[in-house]
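First the structure, in the form of structure tokens, and then the observations on it.
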Amino acid sequence: MVRICMITLFLLATQLHWSFTHGSSDTVRKAYIVYMGEALQSKASAIDLHHNLLSSVVKDDHIAQQSKIYSYTKSFNAFAANLLPQEVQRLQENENVVSVFPSKMQKLHTTRSWDFLGMPQSVKRNHQIESNIIVAVLDTGIYIDAPSFDDKGFGPPPSKWKGTCQVRGNFTGCNNKVIGARFYNYASTTPHPNPSPIDEDGHGSHTSSTIAGASIAGASLYGLAKGTARGGVPSARIAMYKVCWADGCNDIDLMAGLDDAINDGVDFISISIGGDSTSYFDNPIAIGAFHAMKKGILTTCSAGNNGPSLYSVQNTAPWILTVGASGMDRQFRTLVKLGNGIKIAGLSINTFSPNKQMYPLTTAVKAANGSLEQDHSPWLCDEGSLDANKVKGKIVLCKEGLIQDYVKQIGGLGAIVSLQQQSDTGFTFAIPAAFIDTNVGDKIEIYVNSTRAPQAVIYKSTAVHNAATPFVASFSSRGPNTISSTIIKPDIVAPGIDILAAYSKLSSVSGDLEDNRFDVYNIISGTSMACPHVAAAAAYVKSFHPNWSPAAIKSALMTTASELKIKDVQAELAYGAGQIDPVRALHPGLIYDVSKSDYIRFLCNEGYTGTALKVFAEENTNCSSIPDIGGHDALNYPSMYLQLNSANSSISAIFHRTVTNVGLKKAIYKAIVKAPATLKVTVVPKELAFSHLYEKKSFMVVIKGPPLNNISSLSASLEWNDAKHRVKSPIHIFLDI
Ligand SMILES: *[C@@H]1O[C@H](CO)[C@@H](O)[C@H](O)[C@H]1NC(C)=O
Ligand SMILES: *[C@@H]1O[C@H](CO)[C@@H](O)[C@H](O)[C@H]1NC(C)=O
Ligand SMILES: *[C@@H]1O[C@H](CO)[C@@H](O)[C@H](O)[C@H]1NC(C)=O
Ligand SMILES: *[C@@H]1O[C@H](CO)[C@@H](O)[C@H](O)[C@H]1NC(C)=O
Ligand SMILES: *[C@@H]1O[C@H](CO)[C@@H](O)[C@H](O)[C@H]1NC(C)=O
Ligand SMILES: *[C@@H]1O[C@H](CO)[C@@H](O)[C@H](O)[C@H]1NC(C)=O
């Protein structure tokens, strides 16, 4: 079980290891980020301030100079430095400092997908405005030679663009599609010999092309997923900020990328990266996204791949649009046939076609390394577990895991991997391979044991139709939100299983060293793949409504999202408002906008006070003067969430919300409530009559019900309907015990 988790992680998110330098904790300097809020007017005075602060806590002047790693001066005021614990403490006490947090390592978390979302190639577009939209992608770099990044027909970058293109190493330069590319590796413990913005992983090219890749007919991965590969906004421009390297994405580099992106004049930021949830001031993505939001830039982030466990969602700040992954109607199946004629539908992305009708088959136990230690089960087919002589030229049956490089190295021709927990996601392997159900695996084992010359063959994968979609991917991280218990996260879901998009030829298709397939396309899965779909949908909405705020665009996407066909047991904690419907999001009718004072009130409610709040909000805000109206009510959020911590307290809550009319000038919206019989949901008033555009109307949602007892959650919804628009908000009540 442990093994398969690791493999899944690796394939979903490119598993990255990182560890602190060990040593006595108060003599070893560690990298910290010191955050001080809004950027100062002058870069020079910010750098002076950083030096002065450092000198005031680091006694030796030379060490103070040396300890600074980086100054962030463009979009916010912060610096990174190597510090001792006592220095950290003294900085924390300084009145200019909002937060000091250790720099950690974050992880990286189709053609068909846009059709599936009801956005065919012929969809109505504002090409002119779309081509002025710049989307910043913080990722592993970009492989500009992939056809998806062709700039044919593009004019020069929009005049607002202030970014640059760092031409280094094998990175040959930008074009009018990829207008910017920078790289950051100030924090690297294993410096790259020749760093450049080039994508040596594939992840960054994949996410970028899902957002704004050009339309390329006949794209496929060795014939799989054949169709037209394209981004959601193919006329938009890409700016790549390479903050991830072979060992992960360091906070120091992430902060630097965000500092530049916000200042370069981008319209959106897409981040398919995450780590453990931390307080918003101790998190570079939350800090960056906050400053971005204040400049009208919406940041979209992946929710993480730690599902289906509850409390696993990442990137949960309310000013971030947090995206989970759903499955599409197209899935891949890999047929496995045994010598006795039995056929099994396996799961993988297998591009290899068999050359022979049948191959010899063995099991990991039969082919086990004879001198294996007692507690080392050969079933995982991991390093050293098998006897090369017994695997050579054969397909091997493994359980719960597979080190594909190893099986290939010792001459194995394929692997059938039986899993106890059903997977909904196909993976790419360096050898022909497929996941199968454990019951079937047991039957194969009996077949091998009872047959003199057992045989099997693994066929190339084929696309099959799955009518039961959309559904939430099992790996997609679930709520509740551990940082703010007042907001449902993720906000929304988008396709993230088996997505075909651009790739880098500098990384093999499976990422394995033994794999010699290199392609400009690949099919991969993860919330990393879902996030850019939503970033693109947001850009699409903006191309029709250039003046909408980040919160308005987010509201439009959330209130028009479609319901999931398969109701996940975790309901809204798995899919938020539902699956994006970009075309419907152009006409949301009403929007839930969020003002700056809402965010201040929210932060007060969350317990952020004093210096932190003052700097964060640029104003002398005294939380005591802001009435406490209950956390779930602090923000004008498009979803409503109530978390209870006692099974026997009655449900009683009031949500206050305000909607802005962006539909028809004159309209009457009626409230339609869906709720379980036990829950009494009253909307006051029941009707909202608008007489002009941008008119605002407030209302209350009063929720009453008996104690939840042994029920863990309840789902309801409120829809405002004027017969032309449906403006739907999920309501979720969760018992947190
Ligand atoms: C450029 O790429 C080639 C092969 O693709 C590689 O051998 C070489 O090391 C690369 N050079 C740099 C500077 O990265
Ligand atoms: C077999 O297992 C032993 C003990 O773990 C190990 O030392 C040896 O290298 C293994 N043999 C092979 C061929 O991997
Ligand atoms: C198959 O045979 C192996 C020994 O070769 C044995 O360890 C295993 O238990 C057998 N499996 C079944 C299902 O009979
Ligand atoms: C904040 O307001 C409260 C009550 O209005 C007052 O007692 C307190 O002194 C104020 N604090 C600051 C820092 O102004
Ligand atoms: C409420 O439930 C808790 C356990 O969940 C129990 O200890 C407590 O006595 C209950 N209180 C009432 C008033 O029923
Ligand atoms: C708890 O759930 C069980 C079935 O799941 C039900 O029979 C029982 O009545 C419930 N108890 C309460 C107190 O709601």
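Values reported hereafter were calculated over all heavy atoms of this structure, with side chains retained and with hydrogens, waters and symmetry mates removed. Whatever order the structure lists them in is the order used to number ligands and atoms, beginning at 1.
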Inset, instruction - Could you verify whether a donor N or O on one side chain and an acceptor N or O on the other, from T322 and K489, lie under 3.5 Å apart? - result: yes
Legend entry - Ligand-side contact atoms (ligand 2) for residue partner N369, heavy atom cut-off under 4.0 Å: 1 (C), 2 (O), 3 (C), 8 (C), 10 (C), 11 (N), 12 (C), 14 (O)
Inset, instruction - Side-chain contact test, heavy atoms from C-beta onward, threshold under 4.5 Å: evaluate it for Y406 versus L386 and give yes or no. - result: yes
Inset, instruction - Determine, using heavy atoms of A388 and all atoms of ligand 2, whether some pair is separated by less than 4.0 Å. - result: no
Inset, instruction - Report yes if some N/O of Y406 lies less than 3.5 Å from some N/O of ligand 2; otherwise report no. - result: no
Inset, instruction - Sort out the contact shell of ligand 3: every protein residue with a heavy-atom distance below 4.0 Å, listed by chain and number. - result: V365, K366, E445, I446, N449
Inset, instruction - List in chain and number order the residues that pass ring pair (Phe, Tyr, Trp, His ring centres under 6.0 Å) with F518, two or more places apart in sequence or in another chain; answer none if no residue qualifies. - result: none
Legend entry - Close side-chain approach of I211 to H533, heavy-atom, < 4.5 Å: no
Inset, instruction - In a single word, yes or no, tell whether C531 and C301 have an SG-SG distance below 2.5 angstrom. - result: no
Legend entry - Distance flag, aromatic centroids of F427 and F332, threshold under 6.0 Å: no
Inset, instruction - Output yes when a side-chain donor or acceptor of S476 lies under 3.5 Å from a complementary backbone atom of A325, and no otherwise. - result: yes
Legend entry - Which of the ligand 2 atoms, numbered from 1, are nearer than 4.0 Å to a heavy atom of E373: 5 (O)
Inset, instruction - Just say parallel, tilted or perpendicular for the rings of Y70 and Y186, cut-offs at 30° and 60°. - result: tilted
